[in-house]
Amino acid sequence: MSHIARRVSALRSGAFGLAAALSLGLAGTAQAADENVMVVFDGSNSMWGQIDGTAKIEIARGVMENLLGDWTEDRKVGLMAYGHRQRGDCSDIETLVAPGADTRAAILDRINAITPTGKTPLTDAIELAATELSYTDTPATVVLISDGLESCERDPCALAKTLKSRGVAFTAHVVGFGLGADQDSGSLSCIAERTGGQYIQAANADELGRALGAISTAVAAAPEPEPVPEPEPELPAVTLTAPDSALAGSSFRIGWSPTLDPADYVTIVPVGTPEGDYGGYVRVRDHSEADFRAPAQTGLYELRYMTQKDRNVLGVAPIEITEPEVSVSGPESALAGSTIPVSWTGAVHGRDYITIVPMGADEGSHGDYTRVSDKAEGKLQAPADTGMYEIRYVLDEGKRTMAAQPIEITEPEVSVSGPESALAGSTIPVAWTGAVHGRDYITIVPMGADEGSHGDYTRVSDKAEGRLQAPADTGMYEIRYVLDEGKRTMAAQPIEITAPEVTLSAQGELRAGDTLRVEWSGAVHPRDYITLVPMGTPDGDHAEYFRVADAGSRDMSAPDQPGLYELRYMLNEGRRVLARHPVEILDADAPLSSGASLSAPDSAAAGSMIEVGWSVDSSSADQRITLARADQAIFTWLSATKIEGEPPLRITLPDEPGSYELRFLDVSNQAVLARKVLVVE
């Protein structure tokens with residue numbers, strides 16, 4: 001026998017000898033003291049219902065002492081409630097007092113603090129109470145006090161049958177309190193009937209007090225002892241093989257023979273751990289050997305072959321877990337957000353990792369990290385904030401730090417530059433110095449935007465200059481250099497985004513299918529585009545379109561569908577309309593109007609008065625200049641002025657901002673002579 005085996009054997013003998021002595025000393029304890037009890041209290045909203053002018057919850061609180069009699073002195077008693085915290089939540093079940101000795105006062109205090117609120121998941125509550133009482137291992141009793149039936153779609157009768165069949169000595173007593181006349185109490189009574197308990201119905205305070213007293217008497221009686229089971233046949237021993245020692249956190253090979261059940265497992269625990277407890281483990285499945293991970297803490301351990309069914313230990317092998325000799329190194333300082341070279345020796349397991357954390361950070365915490373794998377060096381990304389940090393070698397198993405080195409993170413000297421102003425949607429040249437990391441980026445954001453926010457951006461990579469696309473909206477902005485690590489702004493420069501001056505022109509009317517000649521000036525970006533859409537189409541939508549590129553004119557085909565249209569110059573960035581021009585598409589055989597024209601400002605303030613000029617080659621009995629919304633039908637308007645005399649005429653604009661249209665109409669001939677878009681600001 002090795003020295004490890006002898007030390008483990010001595011420790012095991014002492015631990016199991018003490019356990020045997022304790023079991024003999026406790027053999028005479030009364031059966032009743034082994035029975036644990038859980039009171040399950042109804043905290044659902046219906047407990048606010050009144051009986052003789054008093055809420056049911058208050059009645060129940062007043063007589064609870066009738067239940068908690070002298071029997072609580074030698075039992076472990078707990079309290080569970082349901083429906084007392086949230087409305088409509090079938091999972092609202094809580095153990096308010098864990099089963100234990102001398103809990104009578106605590107149970108009464110917690111019942112007095114319950115505020116009825118939600119639903120009645122009594123089946124789930126009984127099942128959870130039985131589980132917490134370890135009903136499959138020890139005698140257990142549940143006392144249910146409820147004023148209503150199950151409301152969460154489970155069958156309490158079926159559960160009662162299951163608990164009785166699986167439990168050592170499981171009993172449920174039920175008190176139905178203040179049930180409605182139309183409620184069938186069969187689902188409550190069967191819980192008691194199927195588990196050998198009592199069911200008592202109480203309609204008022206006196207009856208509830210007597211009911212709880214009767215249940216108290218029933219619980220106080222010791223359960224009849226279960227018949228002594230036939231002894232289980234002795235299980236065969238299993239031989240375990242493993243090395244005498246292993247490094248903390250390392251992998252080592254183990255073997256076993258025979259394999260009894262694929263669900264059995266081999267676990268590792270400190271010497272002296274009670275049988276049935278386990279630590280890290282592997283399932284045996286249909287194998288006879290496996291790789292095993294050593295614990296993070298050093299000391300004397302045992303490998304144990306354990307059965308899944310009863311947690312019986314069928315084989316033991318001693319092993320000593322020893323301390324690895326690990327080192328880690330890196331630079332004494334590094335710039336915030338930069339790449340840090342690190343190296344290490346004595347790697348224990350490939351999933352161990354090197355990380356950087358603030359000096360004195362809690363064990364197991366980590367920042368950026370790299371797995372050691374089968375390497376001896378790697379890289380980390382420095383944090384964004386300056387200060388004293390540690391580079392740590394951390395075991396994957398147990399997250400234990402095996403080695404550490406201090407490092408100071410210092411402030412980089414970074415600059416960024418660009419123009420003082422740029423047109424909305426245009427391309428902005430930018431430059432920078434002192435780049436820290438290739439994934440840092442240059443971005444443009446509104447002045448004062450939150451840290452970490454971004455608009456269009458470009459990675460710094462290994463360059464010193466790049467381009468951004470200006471936002472569509474005008475105003476004051478910032479060009480920022482941002483660390484990829486932590487999204488921290490290292491440098492910024494203000495820039496004003498101004499409105500472009502774009503013009504757009506084309507025919508005012510043409511026939512369906514004809515060629516529309518489009519001309520523009522002041523183009524901002526080659527990916528801006530010009531589109532022709534029905535009048536009133538929301539800004540940002542488009543139909544047929546073409547990119548402006550570096551041209552200044554282009555032909556496009558008119559739509560086949562007659563009607564009022566609008567030609568729009570659209571910024572690619574933000575889909576903002578910079579210029580508009582109205583176009584009327586006539587039937588393919590319709591005559592074009594005579595040479596009429598309108599003159600007026602492109603825009604004016606709401607409520608202001610403007611002058612409108614006109615010219616026309618021929619006159620008729622009813623020619624008018626009208627003002628209409630852009631989406632109004634042609635021969636409807638907000639205001640109309642009949643042509644009588646020489647131009648100009650004065651028109652007062654509406655108070656509501658928006659897109660409007662001046663129209664020169666021949667009403668008598670139902671013809672549109674000329675039109676002009678007008679923006680009211």
Side-chain angles (χ1 to χ4, degrees), residues 36-51 55-61 64 67 78-99 107 110-111 113-136 140-167 170-203 208 211-212 215:
N36 299 330
V37 179
M38 183 74 82
V39 178
V40 178
F41 192 86
D42 188 341
S44 65
N45 188 60
S46 59
M47 287 290 280
W48 286 120
Q50 295 193 352
I51 297 176
K56 287 187 277 186
I57 181 67
E58 298 299 337
I59 294 173
R61 288 170 178 161
M64 276 303 296
L67 172 65
L79 172 66
M80 181 178 289
Y82 59 77
H84 61 297
R85 294 178 296 184
Q86 300 182 38
R87 294 184 179 276
D89 185 357
C90 285
S91 65
D92 183 13
I93 304 169
E94 182 183 15
T95 301
L96 300 177
V97 179
I107 291 173
R110 294 308 298 268
I111 288 177
I114 290 174
T115 302
T117 301
K119 302 193 75 170
T120 308
L122 63 85
T123 308
D124 282 349
I126 294 172
E127 185 174 37
L128 182 58
T131 301
E132 292 201 14
L133 294 174
S134 301
Y135 77 105
T136 58
T141 295
V142 169
V143 178
L144 171 65
I145 302 166
S146 179
D147 81 327
L149 307 182
E150 171 67 47
S151 65
C152 289
E153 301 183 356
R154 283 200 68 186
D155 182 356
C157 293
L159 174 67
K161 181 179 179 181
T162 300
L163 296 178
K164 186 63 178 177
S165 65
R166 294 180 179 176
F170 180 79
T171 306
H173 302 291
V174 182
V175 176
F177 174 44
L179 298 174
D182 59 341
Q183 290 182 294
D184 180 4
S185 62
S187 62
L188 290 179
S189 62
C190 79
I191 299 172
E193 292 167 1
R194 292 191 176 184
T195 61
Q198 291 194 26
Y199 172 71
I200 305 176
Q201 210 165 294
L208 179 61
L212 294 180
I215 297 297

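Not measured: the values here are computed from a predicted model.
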*Asks:* Using modelled atom types only, decide if a donor and an acceptor are shared between the side chain of Lys56 and the backbone of Ile51 within a distance under 3.5 Å.
*Replies:* no

*Asks:* Is there a donor-acceptor pair under 3.5 Å between the side chain of Thr95 and the backbone N or O of Val97?
*Replies:* no

*Asks:* Considering all heavy atoms of both residues, which atom of Gly43 and which atom of Ile114 are nearest to each other, and what is their separation?
*Replies:* CA-CG2, 4.1 Å

*Asks:* Distance check, rounded to the nearest 0.5 Å: Leu122 atom CG versus Ile191 atom CD1?
*Replies:* 5.5 Å

*Asks:* Which distance, rounded to the nearest 0.5 Å, do you find between the CG of Leu128 and the CD1 of Ile126?
*Replies:* 11.0 Å

*Asks:* Who passes side chain to side chain donor-acceptor pair (under 3.5 Å) against Asp124, sequence neighbours left out?
*Replies:* Arg154

*Asks:* Within the 4.5 Å heavy-atom criterion, are Leu133 and Pro99 side-chain neighbours or not?
*Replies:* yes

*Asks:* Closer than 3.5 angstrom, by distance alone: can the side chain of Asp92 be matched with the main-chain N or O of Gln86 as a donor-acceptor pair?
*Replies:* yes

*Asks:* Is a donor on one side and an acceptor on the other found under 3.5 Å between the side chain of Glu94 and the backbone of Ala81?
*Replies:* no

*Asks:* Rounded to the nearest 0.5 Å, how far does OH of Tyr199 lie from CD1 of Ile215?
*Replies:* 10.5 Å

*Asks:* Mark yes or no for whether Thr195, through its side chain, and Glu193, through its backbone, hold a donor-acceptor pair below 3.5 Å.
*Replies:* no

*Asks:* Does the side chain of Thr120 come within less than 4.5 Å of Cys152's, by heavy atoms?
*Replies:* no

*Asks:* Show your working on side chain to side chain contact (heavy atoms under 4.5 Å, CB included) between Val39 and Leu67 and close with a plain yes or no.
*Replies:* CA-CA 10 Å; Val39 178; Leu67 172 65; 4.1 Å; yes

*Asks:* Looking at every non-hydrogen atom in both residues, tell me the closest pair between Ala211 and Val175 and how far apart they are.
*Replies:* CB-CG1, 4.2 Å

*Asks:* Of all heavy-atom pairs between Leu179 and Gly148, which one has the smallest distance, and what is that distance?
*Replies:* CD2-N, 3.7 Å

*Asks:* Are Phe170 and Val142 packed together at the side-chain level, in the sense that at least one heavy-atom pair is separated by less than 4.5 angstrom?
*Replies:* yes

*Asks:* Are the side chains of Lys119 and Ser44 in contact, using a 4.5 Å heavy-atom criterion?
*Replies:* no

*Asks:* Where do Val40 and Ala129 come nearest, in terms of heavy atoms and distance?
*Replies:* CG2-CB, 3.9 Å

*Asks:* Of all the heavy-atom pairs spanning Ser151 and Cys90, show the shortest one and how long it is.
*Replies:* O-SG, 4.5 Å

*Asks:* What distance do Asp155 atom CG and Cys190 atom SG have between them, rounded to the nearest 0.5 Å?
*Replies:* 7.0 Å

*Asks:* Distance-only, no hydrogens or angles: does the Glu150 side chain make a donor-acceptor pair with backbone N or O of Thr123 under 3.5 Å?
*Replies:* yes

*Asks:* Check for a donor-acceptor pair, side chain of His173 on one end and backbone N or O of Gly197 on the other, with a separation under 3.5 Å.
*Replies:* no

*Asks:* Could you tell me whether the side chain of Thr115 reaches within less than 4.5 Å of the side chain of His84, counting heavy atoms only?
*Replies:* no

*Asks:* Could you give me the CA-CA distance, side-chain angles and deciding distance for Phe177 and Leu212, then say whether side chain to side chain contact (heavy atoms under 4.5 Å, CB included) is met?
*Replies:* CA-CA 10 Å; Phe177 174 44; Leu212 294 180; over 6 Å; no

*Asks:* Are the side chain of Arg194 and the backbone of Lys164 linked by a donor-acceptor contact shorter than 3.5 Å?
*Replies:* no

*Asks:* Nearest 0.5 Å, please: how far is CG in Leu144 from CG in Leu188?
*Replies:* 6.5 Å

*Asks:* Glu132 versus Met38: any side-chain heavy-atom pair under 4.5 Å?
*Replies:* yes

*Asks:* With a 3.5 Å distance limit and no angle check, can you tell me whether Trp48 reaches the backbone of Pro116 through a side-chain donor-acceptor pair?
*Replies:* yes

*Asks:* At their closest point, which heavy atom of Ser187 faces which heavy atom of Leu149, and how far apart are they?
*Replies:* OG-CD2, 3.9 Å

*Asks:* State the CD-CD distance between Glu58 and Gln50, to the nearest 0.5 angstrom.
*Replies:* 10.0 Å

*Asks:* Under the 3.5 angstrom rule, does the side chain of Asp42 hit a backbone N or O of Asp147 as a donor-acceptor pair?
*Replies:* yes

*Asks:* Do Tyr135 and Leu163 come within less than 4.5 Å of each other through their side chains, counting heavy atoms only?
*Replies:* yes

*Asks:* Any side-chain heavy atom of Met64 within less than 4.5 Å of one from Ile145?
*Replies:* yes

